[in-house]
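Written below as structure tokens is the structure these notes are about.
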Amino acid sequence: MIDAGEATRRTFDLLAELERREKGDERRAAEWHEKANTGEAEPRWYCDACNHTPPQWTPHCPACRSFDTLEWRAPGAAAEILPPPALPADGTLAAASVGKIA
Ligand SMILES: [Zn+2]
């Protein structure tokens, strides 16, 4: 049984191989390879300060010793990519938002 949090590219590659050998199902095998190549199934701990990826959470980053900087996320889901601010369609809050940023 595969726990979603533990599935890795290797897991998906093995599932693809299993699908191919056991059932001869090339289409399903290709789907597993697709999942493997997107790498979407490999969340891990990231240090916000130095991008180190320790195997487990610790209060201090093992690499840079920063406190409380480890965050569980998928590769590519960078924390610095912020969603755009929610503004009303008529833009009435735009001036207020600019004021906050400055
Ligand atoms: Zn660090």
Side-chain angles (χ1 to χ4, degrees):
M1 180 131 178
I2 299 167
D3 181 76
E6 294 174 359
T8 65
R9 282 180 195 207
R10 179 83 181 126
T11 307
F12 287 125
D13 280 336
L14 288 171
L15 282 166
E17 191 63 27
L18 182 68
E19 205 78 50
R20 183 176 293 124
R21 288 193 189 181
E22 191 176 88
K23 300 173 186 170
D25 191 337
E26 288 292 334
R27 191 183 58 81
R28 284 289 291 160
E31 285 177 14
W32 286 121
H33 273 305
E34 177 75 19
K35 281 181 185 270
N37 291 330
T38 58
E40 64 190 352
E42 295 186 76
R44 62 185 68 176
W45 291 108
Y46 278 87
C47 173
D48 280 342
C50 71
N51 263 347
H52 179 63
T53 57
Q56 63 193 27
W57 185 89
T58 57
H60 292 271
C61 170
C64 71
R65 307 306 298 165
S66 294
F67 177 69
D68 193 27
T69 54
L70 299 187
E71 181 183 334
W72 182 255
R73 58 180 160 90
E80 59 266 27
I81 301 175
L82 299 173
L87 295 174
D90 62 6
T92 50
L93 282 183
S97 297
V98 170
K100 280 181 195 166
I101 293 169

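The residues of the chain are indexed from 1 along the displayed sequence.
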Distance-only criterion, 3.5 Å: show the donor-acceptor pairs between side-chain atoms of residues 15-26 and protein atoms not counting sequence neighbours.
from	atom 1	to	atom 2	distance (Å)
Glu17	OE1	Arg20	NH1	3.4
Glu17	OE2	Arg21	NE	2.9
Glu17	OE2	Arg21	NH2	3.4
Glu19	OE1	Trp32	NE1	3.1
Glu19	OE2	Lys23	NZ	3.3
Arg20	NE	Glu26	OE1	3.3
Arg20	NE	Glu26	OE2	3.2
Asp25	OD1	Arg27	N	3.2
Asp25	OD1	Arg28	N	3.1

- Item | Counterpart residues, side-chain hydrogen bond (donor to acceptor under 3.5 Å, both in side chains), relative to Trp45 (two or more places apart) | none
Return a table of donor-acceptor pairs under 3.5 angstrom between the side chains of residues 52-64 and protein atoms on other chains or two or more places apart.
from	atom 1	to	atom 2	distance (Å)
Thr58	OG1	His60	O	2.5
His60	ND1	Arg65	O	3.3

